[in-house]
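Here the structure comes first, spelled out in structure tokens, and everything after it is commentary.
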Amino acid sequence: MIVVVPEAHAYDVDSSYVKNQAAIDEELFHDIIPFLEAHYNVSHDSRERAIAGLSMGGLQSIETGIVHLGYFSWIGAFSPTLFPGDLSDEFKNVLQNPNKINENLRLLEIVTGDSDIPPELIGFENHLCELNIQHVYTVLP
């Protein structure tokens, strides 16, 4: 297994999330993944690739994994931070095709602590349910 933990703040914390997310994806798909494929014997099969993150990284993992279906089949989001307006229009467009998401993902799992649940996360999980997007939502003490 190869685990890569890139810096998730391409821009300072006062920059917009969408601008930062675009820069993170640029680095991931144009620098990190090509470097790994050139230097290591890694699978090109999405069924053998996962993306996961904690807090803001959880949100980034959800966005990157959903927007770039076909790169990762496993998404883990741990106490993901969600604020109104954080998710890109591209992400919202992909959500409109839940069958494609369900066909491409083996697991979308969101795990959070019972004292760490912002209302936006509850709303997001409810939205996934409304769209019939297969996922696991776990609240731990």
Side-chain angles (χ1 to χ4, degrees), residues 1-40 42-141:
M1 177 189 321
I2 297 174
V3 177
V4 179
V5 185
E7 172 60 60
H9 293 282
Y11 292 99
D12 62 48
V13 293
D14 294 327
S15 295
S16 78
Y17 169 79
V18 172
K19 180 180 178 183
N20 189 65
Q21 181 65 30
I24 296 301
D25 281 356
E26 174 75 19
E27 179 181 42
L28 180 63
F29 294 106
H30 293 98
D31 296 324
I32 296 171
I33 291 174
F35 178 86
L36 291 170
E37 291 175 343
H39 292 88
Y40 298 96
V42 296
S43 175
H44 295 265
D45 186 343
S46 68
R47 293 176 297 166
E48 297 183 13
R49 290 183 176 185
I51 187 165
L54 171 68
S55 191
M56 185 185 74
L59 174 61
Q60 291 172 329
S61 296
I62 292 170
E63 170 115 12
T64 297
I66 297 290
V67 169
H68 301 280
L69 290 172
Y71 275 90
F72 308 99
S73 290
W74 310 84
I75 301 173
F78 311 108
S79 297
T81 302
L82 285 165
F83 297 107
D86 276 350
L87 299 168
S88 70
D89 290 338
E90 188 176 10
F91 177 84
K92 293 171 190 169
N93 290 337
V94 175
L95 281 185
Q96 298 313 306
N97 191 347
N99 290 335
K100 184 175 181 182
I101 294 169
N102 292 335
E103 290 168 5
N104 281 275
L105 293 182
R106 297 176 67 97
L107 178 65
L108 166 56
E109 183 162 10
I110 300 169
V111 180
T112 191
D114 62 1
S115 62
D116 193 26
I117 307 173
E120 295 82 8
L121 180 57
I122 294 168
F124 179 71
E125 198 273 330
N126 288 337
H127 190 59
L128 293 175
C129 290
E130 290 166 3
L131 295 171
N132 293 316
I133 294 175
Q134 297 169 3
H135 66 287
V136 175
Y137 179 70
T138 304
V139 178
L140 301 171

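In what follows, residues are counted from 1 in the order of the sequence shown. Any value given below was found using the heavy atoms of this structure, including those in side chains, with hydrogens, waters and symmetry copies removed. What you see is a predicted model; the values in this text were computed from it and never measured.
- Between Ser46 and Gly70 the shortest heavy-atom distance is CB-O, 3.1 Å.
- A search for salt bridge (Lys or Arg N to Asp or Glu O under 4.0 Å) contacts involving Arg106 returns nothing, not counting sequence neighbours.
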Side-chain polar contacts of residues 48-63 - donor-acceptor pairs under 3.5 angstrom, sequence neighbours left out - could you list them?
unit_1	atom_1	unit_2	atom_2	d
Glu48	OE1	Ser43	OG	3.2
Arg49	NE	Ser43	O	3.1
Arg49	NH2	Glu37	OE2	2.6
Arg49	NH2	Ser43	O	3.1
Ser55	OG	Thr81	OG1	3.0
Gln60	NE2	Ala8	O	3.1
Ser61	OG	Ala52	O	3.1
Ser61	OG	Gly53	N	3.1
Ser61	OG	Gly57	O	2.8
Glu63	OE1	Ser88	N	3.3
Glu63	OE2	Ser88	OG	2.4

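- With sequence neighbours excluded, no residue forms a ring-ring contact (aromatic ring centres under 6.0 Å, His included) with His44.
- A search for side chain to side chain contact (heavy atoms under 4.5 Å, CB included) contacts involving Asn99 returns Asn97, Glu103, not counting sequence neighbours.
- Rounding to the nearest 0.5 Å places CG of Leu69 at 10.0 Å from CG of Asn102.
- Closest non-hydrogen pair, Asn104 versus Lys100, comes out as ND2-O, 2.7 Å.
- Of all non-hydrogen atoms in Ile66 and Phe91, the two that sit nearest each other are CB-CE1, 3.4 Å.
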Show me, pair by pair, the donor-acceptor contacts under 3.5 angstrom made by side chains of residues 130-139, not counting sequence neighbours?
unit_1	atom_1	unit_2	atom_2	d
His135	ND1	Ile133	O	2.7
His135	NE2	Glu125	OE2	2.8

Pair Leu95-Leu87, side chain to side chain contact (heavy atoms under 4.5 Å, CB included): steps then yes or no: CA-CA 11 Å; Leu95 281 185; Leu87 299 168; 5.7 Å; no
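- Qualifying side chain to side chain contact (heavy atoms under 4.5 Å, CB included) partners for Asp25, counting only residues two or more places apart in sequence or in other chains: Gln21, Phe29, Thr64, His68.
- Side-chain contact between Tyr71 and Leu28: absent, with no pair of heavy atoms (C-beta onward) separated by less than 4.5 Å.
- Atoms CZ and CD1, on Phe78 and Ile110 in that order, are 10.5 Å from each other to the nearest 0.5 Å.
- Ser115 OG to Leu140 CG: the interatomic distance, rounded to the nearest 0.5 Å, is 10.5 Å.
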